[in-house]
Each structure stands twice: as structure tokens, then as C-alpha cells.
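Written below as C-alpha cells is the structure these notes are about.
Quantities reported herein were computed from a predicted structural model and do not represent experimental measurements.
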Amino acid sequence: KPLQGIEVLFERGQSAWGLVQDLAERPLSRVVLEWSRSPHGLKPIEVLSGKDGRYKIGGLESGRYFVRLRPAELRVLWDEVPWRQVTVEEGAPNRFDFTSDAGASLRVLVIRDGGAAVPGAQVRFRLTTPARGISGFLEATDTRGETVLRGLPPRGALVLDVSLGASLGA
């Protein structure tokens, strides 16, 4: 019989892995880890932490890296996050665990005037910090009428909008 194609995945270079936790040592999901050879963040390689807070990145050359962690949803507002230095070594177990302040989370509840939850509602946000601003939409509300805005920076002004006939609670 003729051989069928076999797909083989491989990476050149070194791998690094680890865990991202908040200040209370709980796993942090959806944190972007930027890996750069320069402390100025030139051409970073990015990886996202999973639901369990774990990440893995491959294809790294041995040597010094600078790593910055920012919440995925509002990462552009977190420019002042310091770079951390790590060294990736050939043949070594390159495990790097990080603790990070991932910002505050705001639970948003959307209800009708009579108090009934509004599932599937789109909530628009506008957030302004001293350095810049961003706007967008939160994930649609769940069956309880709830959604969450994660990664709020330490300072800023937040405006939430929802369609007519519904009210916001936070």
C-alpha cells in the first residue's frame, strides 16, 4: 500500500513555559506575555496564557529576554508595565513563573426596566487613561445578563453604553 501523508510538527530553538498568577496566587488567564530581545520591546514574540494560567512558547534562541505581561483585553492601556529579564538556556528546563497585577475586573449586569436580565446584550465601553483611550464592545451578556470587563488599569475614566430599554448595573 502507498504511504499516506503524515504531518510532523517541530520547532527549532528552545522552549519556555510556566504559570502566570495574580497577587493572590490565583492563575491568570488571557494574559499576553511579550518576549523581546530588547528592553524596548522591538519585535516581541507573544503568547497568551490559558484558562489555567499556563503558557508555553517555542522557537526561542538561547540568551537573555525581556518579558512583559499585559491583560489581553485592554493591553494598549498598559504601556508602563515594566519588562522582566529572564535567560533561556539550551538544554535547561526553561520554566519561568510570573506574578502579575492583571488590573481590576468589573462585572456588568444588563437588565430591563422591570428588572429582567437581558441575555445577548452588547455593551460598548470607552476607557480613557492619562496616556490614551480605547473603545470597543464587551463579550455579549450571558443568560443572567452579565458580562465582565477585565484588565482595568489603575487610573482612568470608564463609560458604558447599552441599547435603549435596558439598564446597566456594576
Side-chain angles (χ1 to χ4, degrees), residues 7 9 11 15-36 41 43-59 65-84 86 95-170:
E7 184 176 352
L9 300 175
E11 295 179 306
S15 294
W17 65 93
L19 177 65
V20 181
Q21 297 178 316
D22 66 12
L23 300 176
E25 298 184 355
R26 294 179 299 235
L28 283 174
S29 64
R30 299 198 43 77
V31 172
V32 176
L33 292 91
E34 298 175 352
W35 292 68
S36 176
K43 297 183 182 180
I45 302 169
E46 298 179 352
V47 64
L48 188 66
S49 65
K51 288 183 180 183
D52 60 358
R54 297 190 184 285
Y55 74 91
K56 183 176 181 183
I57 186 169
Y65 284 85
F66 296 88
V67 182
R68 177 166 66 177
L69 287 71
R70 300 193 287 176
E73 285 83 0
L74 302 173
R75 66 190 278 188
V76 299
L77 299 176
W78 287 79
D79 283 340
E80 297 176 12
V81 174
W83 291 92
R84 303 165 191 206
V86 299
R95 179 176 178 159
F96 304 104
D97 294 337
F98 298 101
T99 302
S100 177
D101 175 6
S105 293
L106 177 68
R107 185 176 62 93
V108 178
L109 174 64
V110 180
I111 56 173
R112 299 206 184 281
D113 292 336
V118 182
Q122 291 291 312
V123 178
R124 184 166 197 259
F125 71 91
R126 290 187 311 272
L127 179 59
T128 307
T129 68
R132 64 179 62 194
I134 187 173
S135 65
F137 289 91
L138 302 180
E139 289 185 27
T141 56
D142 62 17
T143 56
R144 299 180 314 257
E146 294 182 4
T147 187
V148 177
L149 178 59
R150 292 181 181 84
L152 290 169
R155 296 184 316 268
L158 175 64
V159 176
L160 299 171
D161 295 316
V162 68
S163 57
L164 295 175
S167 303
L168 288 170

### Message
How long is the straight-line distance from CZ of R54 back to CG of L19, given to the nearest 0.5 Å?
### Response
5.0 Å
### Query
In Å and rounded to the nearest 0.5 Å, what is the CG to CD1 distance from L33 to I45?
12.0 Å
### Task
Quick one: pull up CG in L48 and CD1 in I57 and give me the separation to the nearest 0.5 Å.
11.5 Å
### Query
Is the backbone of L138 close enough, under 3.5 Å, to the side chain of T147 for a donor and an acceptor to pair up by distance?
no
### Message
Within this structure, what is the CH2-CZ distance for the pair W83 and R68, rounded to the nearest 0.5 Å?
### Response
4.5 Å
### Which atom of A117 lies closest to which atom of G145, heavy atoms considered
CB-N, 3.9 Å
### Task
Please confirm whether the backbone N or O of L28 pairs with a side-chain atom of S49, one donor and one acceptor, at under 3.5 Å?
yes
### Query
So, does S36 use its side chain to make a donor-acceptor pair with the main chain of F66 at under 3.5 Å?
no
### V118 side chain near V162 side chain, heavy-atom distance below 4.5 Å
no
### Query
Between L109 and E146, what is the shortest heavy-atom contact and its length?
CD1-CG, 3.9 Å
### Task
Would you check if the side chain of D97 reaches a backbone N or O of G18 as a donor-acceptor pair within less than 3.5 Å?
no
### Query
Quick one: CD on E139 to CD on Q122, what's the gap to the nearest 0.5 Å?
10.0 Å
## Note on the structure
Residues E34 and P44: closest non-hydrogen pair is CB-CB, 4.0 Å
### Task
Can you label the angle between the W35 ring and the F98 ring as parallel, tilted or perpendicular, going by 30° and 60°?
perpendicular
### Query
When you look at V123 and F137, which way does the side chain to side chain contact (heavy atoms under 4.5 Å, CB included) test go after all the steps?
CA-CA 6 Å; V123 178; F137 289 91; over 6 Å; no
### Summary
Correct closest heavy-atom pair for T143 and P119 would be CA-CB, 3.8 Å
### Task
Report yes or no: does S100 contribute a side-chain atom to a donor-acceptor pair with the main-chain N or O of D22 at less than 3.5 Å?
no
### Message
Nearest 0.5 Å, please: how far is CG in L127 from CG in L149?
### Response
7.0 Å
### Task
Kindly indicate whether the side chain of V108, heavy atoms from C-beta on, has any atom under 4.5 Å from the side chain of V148.
no
#### Entry: Sub-4.5 Å side-chain heavy-atom contact between V20 and Y55
yes
